[in-house]
J.: 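Have a look at this one.
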Amino acid sequence: MSATLTFLGGAGGTVTGSKHLLEAGAARVLLDCGLFQGLKALRLRNWAAPPLDPKTLGAVVLSHAHIDHSGYLPRLCRDGFTGPIYCTGSTLDLLKVLLPDAAHLQEEEAEFANRHRTSKHDPALPLYTTADAERVLTQVTRIDFGGHFRPVPDVETWFAHSGHILGAGVVTCLIDGRRLVFSGDLGRYGVPIMVDPDAVPAADVLLVESTYGNRVHSSDDPKERLAAAVRRAAEQKGWLLIPAFAVGRVQEVLYDIRGLETSGTIPSLPVYLDSPMGIQATQIYASHTEEHDRDLARVEADGTRPFAPRRFTLSRTVEDSKRLNDTEGPGIIVAGSGMATGGRILHHLKRWLPDPRTTVLFVGYQAAGTRGRLLKEGAREIKMLGVTVPVRAQIMVSDAYSAHADREEILRWLGGFERPPAMTYIVHGETDAATALRDAITGRLGWKAAVAEDGQRVTL
Ligand SMILES: [Zn+2]
């Protein structure tokens, strides 16, 4: 049987929009269905005609829940895809939070364009609606890690742990005796909460991500910078504001705060999780104990709640959140968005940035042009919520948190293959990162490897 693979997104120097079309005989399976994010030229690709007729697609297999891997699904289904979507159970639970949120953002964007007449379309319409996102969830089938399934009759498929975020899998597809392995996003070794990436023994064709294919993560312990920030807040009797992504980073930060309290490294300050999505994601992380690593299981064994610092408050409503503006520190507020582009962190920054007792700790990647990047680079004043806010707070940065394997960790994972794949395609990385990883794979492992090109079709 002939089998081909076409790279429809997350290739050719692009990190977002992950979509790879597997064609086995007459059957078609889409691996990932991601939204293009970031620069406008990329986002416009979400509006182009679908790269394939959704009605001709047999199934979708999702590596994990992140929107750059799942966020085009509502549009695909609206445009006629009615087939099954396969992912792990925890990925489905996260999709229930992330897809409606993505739809809500699309609706807000359209509403903004209509109010300010910034679109050439009248009226401007959202890429998809909350109802479209809800419909996707009815098409999902949950699959356990290691459980074999057939998205289409001639393709046997299973997930191994990728260690990236809860539910994230490496996808193996067996087609007529040939193995296609798609890494999805790869996590790290020896980090808290997540299990290490599973070794995958065999592939004929391998797709490997390369987000940090040209980098080696800082060997600093992320807890040290966090502890320093908490101690400063305690000494100054001020607030520590931590902008954090709701899925993954919020849980890591809460886990580390609790751990630092337990070891007596930091005082126990009041901690507010001020993020509805962060609260939901934390509950999902806590409930999927089958995916917890050994450290987390040890913490839980004596009944400790791993993501709950001692003086912990869930700030659910807008009123709960606003009340913190009238509350004096010391204390810690963990809120979204991670790059201070929106969300509840904004009104806390507006209120507390002018106060020199305040500490802000960035714990994730800050993209160019975001408020997070500006603050990280030392901006003395910053615009938000219609005003210019002077920055007198201490800004701190921890670069040691990451959900992605770096170059050495990717190579370590590749070392798990018992023999080299006939061909390795590098996906999901900016051009520099993807080519650096290709060079490392060809140079150090002696494997045949190439950077996948956008739209390229290859034979399996
Ligand atoms: Zn991801």
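Order of listing sets the numbers, starting from 1, for every ligand and every atom in it. Sequence positions, counted from 1, serve as the residue numbers for this chain.
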J.: Which N/O/S atom belongs to Asp185 and is the closest one to the Zn ion (ligand 1)?
T.: OD2
J.: Is Asp68 close enough to the Zn ion (ligand 1) that one of its N, O or S atoms comes in under 2.8 Å?
T.: no
J.: Are the side chain of Gln139 and the backbone of Gly83 linked by a donor-acceptor contact shorter than 3.5 Å?
T.: yes
J.: Does Phe36 offer a backbone N or O that forms a donor-acceptor pair with the side chain of Arg45 under 3.5 Å?
T.: no
J.: By atom name, which N, O or S atom of His66 is the nearest to the Zn ion (ligand 1)?
T.: ND1
J.: Using a 3.5 Å distance criterion without hydrogens, assess whether the side chain of Arg344 forms a donor-acceptor pair with backbone atoms of Ser315.
T.: yes
J.: Donor-acceptor check, side chain of Asp320 to backbone of Thr317, threshold 3.5 angstrom: yes or no?
T.: yes
J.: Using modelled atom types and a 3.5 Å cut-off, is there a donor and acceptor pairing between side-chain atoms of Tyr128 and backbone atoms of Gly71?
T.: yes
J.: Under 2.8 Å from the Zn ion (ligand 1) - does any N, O or S atom of His164 fall there?
T.: yes
J.: Distance check below 2.8 Å: does His404 bring an N, O or S atom to the Zn ion (ligand 1)?
T.: no
